[in-house]
Trainee: 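Below you will find the structure I want to go over with you.
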Amino acid sequence: MFKILEKKNLAPSIKLFVMDAPLVAKKARPGQFVILRIKEGGERIPLTIADYDAEKGTVTVVFQEVGKTTRELGTLKAGDSIQDFVGPLGVPVEFPHHKKVLGVGGGLGVAPLYPKLKMLHEQGVEVVSIIGAKTAEMLIFEDEMKAVSDRLYVCTDDGSKGRHGFVTVVLKELLEQGENFDEIIIIGPPILMKIGAEITRPYGIPTMVSLNPIMVDGTGMCGGCRVSVGGEIKFACVDGPAFDGHKVDFDELMKRLATYRDEEKISLERFHESHECKLTEQIKGADSDAVK
Amino acid sequence: MPLNKSKKKTPMPAQKPEVRRRNFNEVALGYTEEDAVNEAQRCLQCKKPGCVQGCPVQVQIPQFIKRIAERDFDGAIKVIKETNSLPAVCGRVCPQEEQCEQRCVVGKMGDPVGIGRLERFAADWERAKGVQVPELPAKLGRKVAVIGSGPASLTCAGDLAKLGYDVTVFEAFHKPGGVLVYGIPEFRLPKAIVQEEVEFIKKLGVEVKTDMVMGKVLTVDDLFDMGYEAVFIGTGAGLPKFMGIPGENYLGVYSANEFLTRINLMKAYSFPETDTPIKVGKKVAVVGGGNVAMDSARSALRMGADEVHIVYRRSEEEMPARQEEFENAKEEGIIFDFLTNPVRIIGDEKGWVKGMECIRMELGEPDASGRRRPVPVKGSEFTMDVDTVVIAIGTGPNPLLINASKGLELTKHGYIAADENGKTSREGVWAGGDIVTGAATVILAMGAGKKAARSIHEYLQSKR
Ligand SMILES: Cc1cc2nc3c(=O)[nH]c(=O)nc-3n(C[C@H](O)[C@H](O)[C@H](O)COP(=O)(O)OP(=O)(O)OC[C@H]3O[C@@H](n4cnc5c(N)ncnc54)[C@H](O)[C@@H]3O)c2cc1C
Ligand SMILES: Cc1cc2nc3c(=O)[nH]c(=O)nc-3n(C[C@H](O)[C@H](O)[C@H](O)COP(=O)(O)OP(=O)(O)OC[C@H]3O[C@@H](n4cnc5c(N)ncnc54)[C@H](O)[C@@H]3O)c2cc1C
Ligand code: SF4
Ligand code: FES
């Protein structure tokens with residue numbers, strides 16, 4: 001069992017857990033993730049390691065309540081425990097020679113972006129970041145990002161904070177103004193990563209994205225997480241989850257993410273019934289989130 | 001001892017095909033005491049028994065059968081367990097028709113003695129009354145690490161614990177058992193049996209740690225640093241192979257590993273009581289001809305598919321699946337398309353599978369495996385109308401642990417190179433089971449775990 005040491009509500013439906021997981025914390029590196037299972041009979045779901053502290057033996061995860069498992073997770077409190085917490089999985093990212101990097105994070109994607117930029121910042125690399133969310137209320141990790149960025153742009157879709165518009169608008173502007181980077185890291189919903197990678201492509205700037213296909217084991221034994229990168233099949237859990245954004249087949253990824261749409265709805269409805277939740281509206285909201 | 005001269009095996013009580021094809025309960029129900037004694041009396045008690053030579057771990061077959069015939073069931077299981085630690089499993093899943101039973105003299109004039117069924121009977125008889133934990137020697141205070149928890153690892157861990165070692169098993173999944181839990185379905189090997197085997201080694205003092213993806217959370221070096229004096233690697237051959245044909249990423253295409261893991265380990269058959277879903281359509285094609293293909297096809301049927309095909313590029317004769325499972329599958333209504341090979345999978349605009357184009361094959365000259373090589377018949381392409389495809393064409397070695405472990409020599413196919421006792425090129429490290437041989441059988445993995453345990457014991461004895 002793995003204990004939740006701390007819980008924070010970062011935004012409506014976005015929560016942060018600090019988990020007691022000393023072995024995972026000891027080996028964790030930026031770019032890696034864990035797979036967790038709440039209890040017997042539960043689904044194994046992947047979450048990115050948003051932060052870790054090897055000395056304290058803790059691992060931080062941030063999740064958005066989109067379906068049954070993440071919602072159930074959200075009902076847990078500090079002091080509760082979950083059955084399984086496996087990791088660190090995936091290939092750590094490394095940028096040994098970079099001098100200047102741009103990070104672009106949309107919505108929940110800011111959380112997985114953070115540990116990479118933190119590492120770069122600690123390496124002395126110049127970090128520019130663009131983060132965004134639907135509304136000011138939904139924006140997460142602003143302070144953390146500020147602390148590791150030399151320059152930070154904030155955007156909201158509705159203009160309730162910072163620039164009015166998508167993060168990709170600022171991305172485009174910076175590139176059009178002729179600013180150059182050794183690498184651009186874009187993390188967010190697949191559609192954002194797809195559009196972002198198209199914007200950077202003509203400039204020939206290496207663009208890293210972090211993919212979120214449906215996973216089971218996270219160790220390369222099922223192939224369910226396969227993605228097409230440069231025309232080759234890759235298993236995101238062991239070959240990624242970070243890949244060259246210019247080579248990823250995002251359309252295929254988005255299609256595959258919809259595989260269990262019907263079942264996800266059934267699961268969620270059952271969960272709501274058993275939790276006597278009347279907020280059918282919320283279900284609909286969560287569904288449209290998942291679609292992205 | 002009276003002899004039973006029947007040419008036929010005493011029939012195995014089983015669920016009727018039309019019933020079992022829609023449930024996950026065990027198909028074969030096991031012999032009664034009378035059935036077992038009756039079948040045991042078919043054995044001629046050969047002086048030079050062929051059966052024993054056919055058994056990869058040389059179970060003293062006539063001896064245990066004699067005891068069953070004498071109703072000394074305690075004695076029977078004791079004989080079996082001298083060389084086979086997992087008889088309840090092996091009695092159910094060993095390919096007896098290629099091993100002991102193939103060499104049985106009685107088989108020359110009819111059915112061979114039902115050795116597997118008798119082994120299962122003896123093991124189940126012991127299980128029913130509760131397996132006794134043997135008296136354990138004093139602890140040696142020396143630690144051995146075992147990676148993976150399939151039959152190779154369970155056996156190695158159990159044998160070392162019986163010798164007094166402090167053994168820790170490190171398993172990547174949340175549940176121990178390897179292929180026995182995630183691959184072989186409930187209807188062929190009830191998970192309660194695997195669970196009992198795991199409980200048994202725990203009673204021997206073995207510590208079983210799950211959620212341990214070795215190579216990621218801990219490396220072999222870490223284990224030595226932690227005071228483990230020897231390491232056994234039994235991580236299996238779990239890397240799924242795809243065909244490399246167009247359309248393999250369409251929705252509704254599964255590797256057999258994913259398909260079976262969702263169903264068996266994650267219990268997708270109880271969805272939505274359990275949370276992990278699976279999509280099994282109306283018409284399913286399973287590509288391959290081994291046990292994995294049979295299990296996938298029969299699982300698909302049980303998940304509610306109307307029509308399930310096994311698409312195999314060679315003919316019935318070359319099929320590597322256990323004979324009994326092939327028979328069972330046919331009885332349950334699985335359709336076999338032999339000499340057929342997929343060329344591409346066809347999808348609809350949303351990316352869902354809607355068909356599979358195949359080509360007919362014919363058998364040519366024998367290939368490296370000695371089997372006649374299938375060659376495509378020009379112009380014989382046709383399209384199967386299917387909505388789910390399961391690819392069961394084999395697996396390879398998972399490089400996750402290997403890449404994180406220094407000093408391990410590999411074979412040219414990426415398996416761990418080890419001698420006949422499982423010793424690898426790295427001091428203090430042994431390996432056995434599918435990660436050494438490539439996908440093989442439970443009995444061979446079990447045997448490899450046993451040999452390695454003996455060799456580890458010798459090494460640790462001489463080290464101090
Ligand atoms: C490497 C990786 C890192 C991730 N990191 C984070 C993170 O830090 N924070 C976060 O909130 N989310 C993260 N995700 C996505 C997260 O795993 C899914 O949101 C979660 O599994 C949804 O489960 P659910 O039961 O709540 O929702 P469901 O209703 O089951 O699904 C909602 C949507 O989530 C996706 N999904 C469903 N099951 C899985 C699964 N087993 N694996 C992956 N995706 C699935 C599908 O697109 C689905 O449409 C990550 C995914 C991957 C692959
Ligand atoms: C569907 C199916 C049906 C089969 N049917 C039969 C049959 O009828 N008869 C028969 O004799 N054989 C059958 N086999 C083959 C048989 O199951 C295998 O040969 C046998 O299980 C191999 O045992 P093993 O101990 O080497 O490894 P496995 O059983 O593969 O176990 C390996 C274990 O190691 C774990 N592992 C892997 N990597 C790591 C890591 N890095 N860290 C920690 N743990 C790790 C895995 O999760 C797994 O639990 C079948 C196989 C399959 C897939
Ligand atoms: S070969 Fe057949 S008859 Fe002879 S001892 Fe073995 S099981 Fe009995
Ligand atoms: S999640 Fe199973 S191979 Fe990646």
Trainee: Using non-hydrogen atoms only, which part of B:Leu239 is less than 4.5 Å away from chain A: side chain, backbone, both, or neither?
Mentor: both
Trainee: What is the distance from atom SG of A:Cys237 to atom CG of B:Leu400, rounded to the nearest 0.5 Å?
Mentor: 8.0 Å
Trainee: Counting only non-hydrogen atoms closer than 4.5 Å, does A:Gln83 touch chain B with its backbone (N, CA, C, O), its side chain (CB onward), both, or neither?
Mentor: backbone
Trainee: Are A:Ser267 and B:Phe271 packed together at the side-chain level, in the sense that at least one heavy-atom pair is separated by less than 4.5 angstrom?
Mentor: yes
Trainee: Between chain B and each of A:Val216, A:Val227, A:Ile45, A:Asp251, count heavy-atom pairs under 4.5 Å; write down the option with the most.
Mentor: A:Val216
Trainee: At a 4.5 Å cut-off on heavy atoms, which part of A:Leu23 comes close to chain B: side chain, backbone, both, or neither?
Mentor: both
Trainee: Could you look at B:Asn249 and say if it's the side chain, the backbone, both or neither that has a heavy atom under 4.5 Å from chain A?
Mentor: both
Trainee: If you count every heavy atom of other residues, nucleotides or ligands that lies below 6.0 Å from A:Glu55 atom CD, does the total exceed 12?
Mentor: no
Trainee: Using 0.5 Å steps for rounding, measure from the CD1 atom of B:Ile278 to the OG1 atom of A:Thr259.
Mentor: 11.5 Å
Trainee: Please determine whether the number of non-hydrogen atoms from other residues, nucleotides or ligands lying under 6.0 Å from atom NZ of B:Lys143 exceeds 12.
Mentor: yes
Trainee: Among B:His174, B:Arg262, B:Glu248, which residue forms the greatest number of heavy-atom pairs with chain A at distances under 4.5 Å?
Mentor: B:His174
Trainee: Report yes if some heavy atom in the side chain of A:Met221 is under 4.5 Å from a heavy atom in the side chain of B:Ser255; otherwise report no.
Mentor: no
Trainee: Can you tell me how far apart CD (B:Glu258) and CE (A:Met215) are? Round to the nearest 0.5 Å.
Mentor: 11.5 Å
Trainee: State, to 0.1 Å, how close B:Pro240 and A:Gly220 come at their nearest heavy-atom pair, and which atoms those are.
Mentor: CD-O, 3.5 Å
Trainee: Could you go through the side-chain contact (heavy atoms from CB on, under 4.5 Å) check for B:Asp222 and A:Lys27 one step at a time?
Mentor: CA-CA 11 Å; B:Asp222 292 333; A:Lys27 286 289 165 73; 2.4 Å; yes
Trainee: For A:Lys255, which atoms come within 4.5 Å of any heavy atom of chain B: side chain, backbone, both, or neither?
Mentor: both
Trainee: Where do B:Met266 and A:Gly42 come nearest, in terms of heavy atoms and distance?
Mentor: CE-O, 3.6 Å
Trainee: Could you check whether any side-chain heavy atom of B:Tyr182 comes within less than 4.5 Å of a side-chain heavy atom of A:Asp217, counting everything from C-beta outward?
Mentor: no
Trainee: Could you check which of B:Asn257, B:Ile391, B:Thr395 has the highest count of heavy-atom pairs closer than 4.5 Å to chain A?
Mentor: B:Asn257
Trainee: Work out which heavy atom in A:Thr219 is nearest to a heavy atom in B:Asn398; give both atom names and the distance.
Mentor: O-ND2, 2.9 Å
Trainee: With side-chain contact (heavy atoms from CB on, under 4.5 Å) as the criterion, how do B:Phe173 and A:Arg44 come out once you've worked through the C-alpha distance, each side chain's angles and the decisive distance to 0.1 Å?
Mentor: CA-CA 10 Å; B:Phe173 265 129; A:Arg44 295 170 64 101; 3.5 Å; yes
Trainee: Examine whether an atom of B:Phe259 lies under 4.5 Å from a heavy atom of chain A, and if so say whether it belongs to the side chain, the backbone or both; otherwise answer neither.
Mentor: neither
Trainee: Answer yes or no: are there more than 12 heavy-atom neighbours, outside B:Lys191 itself, under 6.0 Å from its atom NZ?
Mentor: yes
Trainee: Let me know if B:Lys350 has heavy atoms under 4.5 Å from chain A in its side chain, its backbone, both or neither.
Mentor: backbone
Trainee: Could you check whether any side-chain heavy atom of B:Lys175 comes within less than 4.5 Å of a side-chain heavy atom of A:Asp84, counting everything from C-beta outward?
Mentor: no
Trainee: Chain B heavy atoms under 4.5 Å from A:Arg37: which part of the residue, side chain, backbone, both or neither?
Mentor: side chain
Trainee: Please state whether the side chain, the backbone, both or neither of A:Ile233 comes within less than 4.5 Å of a heavy atom of chain B.
Mentor: side chain
Trainee: Taking everything shown except B:Lys283 itself, do over 12 heavy atoms lie less than 6.0 Å from its NZ?
Mentor: yes
Trainee: Tell me, for A:Arg256 versus chain B, whether the close heavy atoms (under 4.5 Å) come from the side chain, the backbone, both or neither.
Mentor: both
Trainee: How about CD on A:Glu94, more than 12 heavy atoms from neighbouring residues, nucleotides or ligands closer than 6.0 Å, or not?
Mentor: no
Trainee: Non-hydrogen atoms of chain B under 4.5 Å away: do they reach the side chain of A:Phe235, the backbone, both or neither?
Mentor: side chain
Trainee: Does atom NZ (A:Lys247) have a neighbourhood of more than 12 heavy atoms from anything else shown, all under 6.0 Å?
Mentor: no
Trainee: Charged N to carboxylate O below 4.0 Å: is that the case for A:Lys39 and B:Asp275?
Mentor: no
Trainee: Identify which part of A:Ile214 has an atom lying under 4.5 Å from any heavy atom of chain B, answering side chain, backbone, both or neither.
Mentor: side chain
Trainee: Answer yes or no: is there a side-chain heavy-atom contact under 4.5 Å between A:Asp262 and B:Lys279?
Mentor: yes
Trainee: At a heavy-atom separation under 4.5 Å, does B:Leu218 approach chain A through its side chain, its backbone, both, or neither?
Mentor: both
